[in-house]
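Hydrogens, waters and symmetry mates are skipped; everything else that's a heavy atom, side chains included, is used.
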Amino acid sequence: MPRFIVLPGDGIGPEITDATLHVLRAADARFGLGLTYDFHDIGLKTLAAQGTTLPPSVMEAAKSCDGVILGPISHLDYPTKDKGGVNVSAAFRVGMDLYANVRPARTRPGLGRGHQPLDLVIMREATEGFYPDRNMFMGSGEFMPTPDVAISMRKLTRHACIRIAERAFELARIRRRKVTAVHKANTFIVTDGFWLRCVREVAERFPDVVLDEIIVDACAAILVRDPQRFDVLVATNFHADILSDLASELSGGLGLAGSTNENELLCCAQAQHGSAPDIAGQDKANPVSLILSAAMLLEWHEKRRGNAQAGAAARAINDTVDALLADPATRTVDLGGPMGTRAFGQALAARLAG
């Protein structure tokens with residue numbers, strides 16, 4: 001019986017988490033998944049009550065669970081770390097070594113915003129790179145030696161580059177057998193040159209998968225002009241973060257973008273978008289991103305735990321999302337439809353239950 005830790009988060013987090021659980025319970029009833037849930041507060045709520053956005057008990061609970069459902073967080077509104085403002089996303093990715101941030105982008109029926117439909121997956125290394133809260137053993141990777149000078153450091157390790165490349169090639173083998181390595185080695189000669197050497201080394205072990213290489217700015221342009229060129233893109237943390245938002249917008253919007261943070265032992269479902277505090281509590285948020293992220297968590301259970309029913313449930317959720325989004329009458333407000341957060345979750349659950 002899989003046991004999931006549920007962390008509703010900030011802003012619209014509780015609303016879209018509730019809709020997601022409504023869908024998961026319907027899938028559970030249909031496919032006999034035996035899901036159980038442990039709920040924990042994080043974010044601004046625990047900052048006010050306990051002086052930290054991420055109580056240590058939450059990380060301890062996550063170490064023994066079968067998956068995490070993490071709602072959006074308002075990290076921009078948190079105080080500094082020494083005052084309790086822990087970046088929850090970074091803490092899970094680094095603290096639990098959830099190094100693979102998997103971000104699919106597929107055009108949903110009638111909702112694509114690009115010239116062509118797309119169907120790709122961006123594999124983002126999530127534990128190092130340009131992110132100053134995860135590239136130093138002690139202290140921050142950003143600092144100011146004088147009031148007029150700001151410096152940001154980047155860290156790439158062979159270990160992290162190799163393993164995210166391996167996951168990308170493994171995924172490409174069950175898709176269209178093509179990996180595109182994104183880089184900026186024409187200017188970041190040392191670091192991105194190192195990144196490319198690591199990816200090429202992995203490619204030698206996957207002769208059945210084509211390796212393509214592309215400069216990051218050209219990649220952004222081609223995503224708009226010819227996205228069908230891409231199957232699986234693999235990139236360092238910063239590049240992949242930006243490109244995945246672009247790909248998601250082209251496929252229909254960030255509200256439709258599923259995402260997981262995972263390794264071989266644990267998977268965390270997390271919506272790709274932020275906490276949208278301006279619409280919190282108004283029943284306006286689109287819950288699809290977190291719902292699809294939860295479906296990806298079920299897919300992970302099929303792949304890593306051999307749970308075929310979880311995989312079947314994930315595919316049913318995806319198909320049902322497509323069916324609802326194809327009809328303007330069952331779209332959410334942000335997509336020009338009439339449905340609020342709660343109504344969409346209920347409609348999806350009802351359709352899923354048959």
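Taking the ring centre of F238 as origin, the terminal cationic atom of R154 falls outside the region bounded by 6.0 Å and 45° from the ring axis. Cation-pi geometry between R93 and Y131 is not satisfied (NZ or CZ under 6.0 Å from the ring centre, within 45° of the ring normal).
Residues I73 and T53 form no side-chain contact, since every pair of their non-hydrogen atoms from C-beta on lies 4.5 Å or further apart. A heavy-atom distance below 4.5 Å is not found between the side chains of M1 and L35. Inter-residue side-chain proximity for E201 and R158 is flagged as met; some heavy-atom pair is nearer than 4.5 Å. Looking at heavy atoms from C-beta onward, E142 lies out of side-chain contact with M153 at the 4.5 angstrom threshold. Contact check for I16 versus F344: no side-chain heavy atoms found under the 4.5 Å cut-off. No side-chain heavy atom of E249 sits less than 4.5 Å from a side-chain heavy atom of L256. Between R304 and C267 the shortest side-chain heavy-atom distance does not fall below 4.5 Å.
Annotation: F4 is in aromatic contact with H301 [ring centroid separation under 6.0 Å].
Using a 4.0 Å cut-off between charged side-chain N and carboxylate O, R315 and E302 make a salt bridge. Note on R167 versus E264: salt bridge recorded, some NZ/NE/NH1/NH2 to OD/OE distance being below 4.0 Å. One finds no salt bridge joining R342 and D18 here, because no Lys/Arg side-chain nitrogen approaches an Asp/Glu carboxylate oxygen to under 4.0 Å. Salt-bridge annotation for E15 and K284: absent, with no side-chain N of the basic residue lying under 4.0 Å from a carboxylate O of the acidic one. Residues R163 and D97 are paired through a salt bridge, judged by an N-O separation under 4.0 Å between the basic side chain and the carboxylate. Between R229 and D212 there is a salt bridge, with a side-chain nitrogen of the basic residue lying less than 4.0 Å from a carboxylate oxygen of the acidic one. Comment: E170 does not engage R173 in a salt bridge, judged by the lack of any side-chain N to carboxylate O separation of less than 4.0 angstrom.
Of the possible polar contacts, none joining the N286 side chain to the G340 backbone as a donor-acceptor pair under 3.5 Å is found. For the pair W300 (side chain) and R305 (backbone), a donor-acceptor distance under 3.5 Å is absent. A side-chain donor-acceptor contact under 3.5 Å links Q309 to the backbone of F31. In this structure, the side chain of D231 does not engage the main chain of V179 through any donor-acceptor pair within 3.5 Å. T127 places no side-chain N or O within donor-acceptor distance of the main-chain N or O of V94, the cut-off being under 3.5 Å. Checked by atom type and distance alone, the side chain of T46 never pairs as donor or acceptor with a backbone atom of A49 at under 3.5 Å. A donor-acceptor pair is defined here as one N or O able to donate and one able to accept, closer than 3.5 Å; such a pair exists between the side chain of E125 and the backbone of E128. With Q272 contributing its side chain and R103 its backbone, the two residues share no donor-acceptor pair below 3.5 Å. Here the side chain of T330 pairs a donor or acceptor atom with the backbone of L324 at under 3.5 angstrom.
With D119 as the fixed residue, the salt bridge (charged side-chain N to carboxylate O under 4.0 Å, His left out) test singles out one of R175, R106, R108: R175. The side-chain contact (heavy atoms from CB on, under 4.5 Å) test with F230 singles out one residue from I122, L243, I214, and that residue is I214. Tested against K184, the residues D217, T191, T236 include a single side chain to side chain donor-acceptor pair (under 3.5 Å) partner, D217. Applying the side-chain contact (heavy atoms from CB on, under 4.5 Å) test between Y78 and each of D10, V86, N87 identifies D10 as the sole match.
In this structure, S89 OG and N261 CG are separated by 7.0 Å, a value rounded to the nearest 0.5 Å. Note that SG of C268 is 10.0 Å distant from CD of E262, once rounded to the nearest 0.5 Å. Separation of atoms CE (M96) and NZ (K63) is listed at 7.0 Å; rounding is to 0.5 Å. How far CG of N101 is from CG of N237: 7.5 Å, rounded to the nearest 0.5 Å. Distance check: T341 OG1 to L290 CG gives 11.5 Å after rounding to the nearest 0.5 Å. We find the CG-CG distance between D319 and L352 to be 10.0 Å, quoted to the nearest 0.5 Å.
V216 and F130 sit in two unconnected hydrophobic clusters of ILVMFWY residues. Membership requires side-chain heavy atoms under 4.5 Å apart, directly or through other members. V210 and V121 fall into different hydrophobic clusters, where Ile, Leu, Val, Met, Phe, Trp and Tyr are joined by side-chain heavy atoms under 4.5 Å apart, directly or via other members. Side-chain heavy atoms closer than 4.5 Å link hydrophobic residues (I, L, V, M, F, W, Y) into clusters, and following such links, even through other members, never connects L24 to I5. Linking ILVMFWY residues whenever their side-chain heavy atoms come closer than 4.5 Å, directly or via other members, places F169 and Y99 in the same cluster. Criterion: ILVMFWY side-chain heavy atoms under 4.5 Å apart, direct or through other members. Under it, L156 and V190 are not part of a common hydrophobic cluster.
Closest heavy-atom contact between R134 and A90: NH2-CB, 3.2 Å. For the residue pair V68 and C65, the shortest heavy atom distance occurs at CG2-SG, 3.9 Å. In terms of heavy-atom proximity, F206 sits nearest to E166 at CZ-O, 4.3 Å. The nearest pair of heavy atoms linking T320 to A316 is OG1-O, 2.6 Å. The heavy-atom pair separating A91 from L54 by the smallest distance is CB-CD2, 3.4 Å. Minimum interatomic distance between A181 and L211 (heavy atoms only, all atoms of both residues): CB-CD1, 4.1 Å.
Within 6.0 Å of NZ in K81 there are 12 or fewer heavy atoms belonging to other residues, nucleotides or ligands. Residue I151 places its CD1 atom among more than 12 non-hydrogen atoms of other residues, nucleotides or ligands, all under 6.0 Å distant.
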request  = Step by step, work out the side-chain contact (heavy atoms from CB on, under 4.5 Å) result for V232 and T180.
outcome  = CA-CA 6 Å; V232 176; T180 300; over 6 Å; no

Intermediate values then yes/no, side-chain contact (heavy atoms from CB on, under 4.5 Å), L335 and L325 = CA-CA 9 Å; L335 300 175; L325 294 181; 3.8 Å; yes

key: Stepwise side-chain contact (heavy atoms from CB on, under 4.5 Å) check, M339 with V333   = CA-CA 6 Å; M339 286 191 162; V333 173; over 6 Å; no

task = For ring-ring contact (aromatic ring centres under 6.0 Å, His included), just list the numbers for H183 and F194, CA-CA rounded to whole Å, side-chain angles, deciding distance to a tenth of an Å, and then say yes or no.
result = CA-CA 10 Å; H183 67 94; F194 172 73; over 10 Å; no

Derivation of the side-chain contact (heavy atoms from CB on, under 4.5 Å) call for V321 and L292 = CA-CA 8 Å; V321 167; L292 292 178; 4.0 Å; yes

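Between the side chains of S251 and R113, no donor N or O sits under 3.5 Å from an acceptor N or O. In this structure, a donor-acceptor pair under 3.5 Å is present between the side chains of T332 and D334.
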